[in-house]
Amino acid sequence: MGPVSVLPKPQSLSTWEEDLAKMTHLQAGLSPDTIEKARLELNENPDVLHQDIQQVRDMIITRPDIGFLRTDDAFILRFLRARKFHQADAFRLLAQYFQYRQLNLDMFKNFKADDPGIKRALIDGFPGVLENRDHYGRKILLLFAANWDQSRNSFTDILRAILLSLEVLIEDPELQINGFILIIDWSNFSFKQASKLTPSILKLAIEGLQDSFPARFGGVHFVNQPWYIHALYTLIKPFLKDKTRKRIFLHGNNLNSLHQLIHPEFLPSEFGGTLPPYDMGTWARTLLGPDYSDENDYTHTSYNAMHVKHTCSNLERECSPKPMKRSQSVVEAGTLKHEEKGENENTQPLLALD
């Protein structure tokens, strides 16, 4: 199909039926509530969905320096949803997605769950992914920072494991619309570990997650952060956008403020929630399959994103919990820590990101 003009050409009945079938396919599986949410919050209009996608696709010719390796309707749609159907912004994100991969080729070699570096990071719980979604339908990702064994996992491999996990999760159209929440627990994260978070690797992470991936992050929540984590913000401030700043929250040890944004019934006991402690091996077993064992090397040629999407919950229920070291003290279910003097300052969104 050629470029779509501002005023669409008259269509035959068969062409109209064909486009209607495409729209049904692109929104297949979405609940009525999610379709309505996409309409209200993201400006998604099923009547012109194909035209919106085609207009983004038509912009590809303006960036001959970038290899756009995937341009199908379903793929472009996730970028439109991530940018609320502003076509120019969606194309910019699409271009940055592939440009980031071109500029960081080593990060995306053997970009599979069984890559040794990615596998080690997954086994160590980078990232953790809760089975259930929150009250807004968002998927909750967890990072227990103190579990970063720097002799075992490079920061780059942890970032690769996070990006791979997001690639699998974003296949779900519900998550394209509802988005994600990230909680980082800094309990027992040492100054020595923090010293390894250099400006260059922090910039690499921010570019990969904020600027080059089609995910909607509803919030990034820091809990139990030491003073030197605050100091890191002076390093990342130049790389953050204003929209990102408004969605980053420092809670300290005040779990009450966290629970105002994420209800306790959706959180494990580490965060004062009513769910059991998080099993660190849950997401690794999901990506590596039911035969995964942390005791033996497991060879898996690739991951199948669609297979993972449909079998995810079954694997999580069937696989037995794997004990892992905990980086934080477990809070009894439903118990909230009392707010301390001056703690309100920690609940405010962080730095200006522009």
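Hydrogens, waters and symmetry mates are skipped; everything else that's a heavy atom, side chains included, is used.
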Spatial distance of atom [atom1] ([X]) from atom [atom2] ([Y]) [nearest 0.5 Å]:
X	Y	atom1	atom2	result
Asn188	Phe144	CG	CZ	12.0 Å
Gln99	Glu207	CD	CD	9.5 Å
Met59	Ile76	CE	CD1	10.0 Å
Asn253	Gln225	CG	CD	8.5 Å
Leu166	Leu141	CG	CG	6.0 Å
Phe180	Leu175	CZ	CG	4.5 Å

Is the side chain of [X] donor-acceptor paired with the backbone N or O of [Y] at a distance under 3.5 Å, no angle test?
X	Y	value
His263	Gly273	no
Gln210	Phe239	yes
Tyr278	Ser269	no
Gln193	Ser190	yes
Asn43	Lys84	yes
Thr286	Thr282	yes

Residue among Asp73, Asp52, Asp72 satisfying salt bridge (Lys or Arg N to Asp or Glu O under 4.0 Å) with Arg57: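 One option only clears the test, and that one is Asp73.
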Treating Ile, Leu, Val, Met, Phe, Trp and Tyr as nodes and any side-chain heavy-atom pair under 4.5 angstrom as an edge, say whether [X] and [Y] lie in one connected cluster.
X	Y	result
Trp227	Leu197	yes
Phe91	Leu69	yes
Leu103	Ile206	no

As a test of understanding, state which of Arg92, His86, Gln87 forms a side chain to side chain donor-acceptor pair (under 3.5 Å) with Asp89.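 The option that passes is Arg92.
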Looking at Arg133, Lys37, Arg138, which hits side chain to side chain donor-acceptor pair (under 3.5 Å) with Asn178?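 Passing option: Lys37.
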Please check if any side-chain donor atom of [X] sits under 3.5 Å from a side-chain acceptor atom of [Y], or the reverse.
X	Y	result
Thr274	Glu265	no
Ser151	Asp149	yes
Glu44	Gln27	yes
Thr34	Glu174	yes
Thr156	Ser154	no
Asn256	Gln260	no

Shortest non-hydrogen contact between [X] and [Y], atoms and distance:
X	Y	answer
Met107	Arg160	O-NE, 2.6 Å
Pro127	Leu122	CD-CD2, 4.1 Å
Asp157	Gly117	OD2-CA, 3.4 Å
His221	Leu261	CE1-CD1, 3.5 Å
Leu287	Ala113	CB-CB, 4.0 Å
Ala121	Ile158	CB-CA, 4.0 Å

Close side-chain approach of [X] and [Y], heavy atoms under 4.5 Å:
X	Y	result
Asn104	Leu204	yes
Leu143	Ile183	no
Lys139	Ile181	no
Leu159	Phe126	no
Glu171	Arg78	yes
Asp185	Leu142	no
Asp211	Tyr100	no
Ile229	Pro226	yes

Take Asn224 and Phe189 through the side-chain contact (heavy atoms from CB on, under 4.5 Å) test and state the conclusion after the steps. CA-CA 9 Å; Asn224 301 316; Phe189 188 71; over 6 Å; no
Take atom OH in Tyr136; do more than 12 heavy atoms of anything else shown fall under 6.0 Å from it?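 12 or below, so no.
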Take a 6.0 Å sphere around CG of Leu105 and say whether it holds more than 12 heavy atoms from other residues, nucleotides or ligands.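 Counting neighbours around CG of Leu105, more than 12 heavy atoms of other residues, nucleotides or ligands fall under 6.0 Å, so yes.
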Test side-chain contact (heavy atoms from CB on, under 4.5 Å) applied to Leu267 and Ile262, step by step: CA-CA 8 Å; Leu267 294 171; Ile262 309 173; 3.8 Å; yes
Which of parallel (below 30°), tilted (30 to 60°) and perpendicular (above 60°) describes Phe68 and Phe98?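 Taking Phe98 first and then Phe68, their aromatic rings stand perpendicular (interplane angle over 60°).
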Mind running side-chain hydrogen bond (donor to acceptor under 3.5 Å, both in side chains) on Gln176 and Asp172 for me, showing each step along the way? CA-CA 7 Å; Gln176 295 171 18; Asp172 186 342; over 6 Å; no
side-chain contact (heavy atoms from CB on, under 4.5 Å), that's the test. Do Gln54 and Asp58 meet it? Break it down for me. CA-CA 6 Å; Gln54 187 60 43; Asp58 289 343; 2.8 Å; yes
Is there a side-chain contact (heavy atoms from CB on, under 4.5 Å) between His50 and Leu26? Walk through the geometry before answering. CA-CA 9 Å; His50 186 65; Leu26 287 172; 5.8 Å; no
Could you tell me whether Phe222 and His251 have their ring centroids closer than 6.0 angstrom?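 Not under 6.0 Å, so no.
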Answer yes or no for Arg101 and Tyr97: cation-pi contact, defined as NZ/CZ to six-membered ring centre under 6.0 Å and angle to ring axis within 45°.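 Ring-cation test returns yes.
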Is the shortest side-chain N to carboxylate O distance from Lys112 to Asp115 below 4.0 Å?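 Not counted as a salt bridge, because no side-chain N and carboxylate O are separated by less than 4.0 Å.
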Between the side chains of Arg120 and Asp124, is the shortest nitrogen-to-carboxylate-oxygen separation below 4.0 Å, so that they form an ion pair?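 No.
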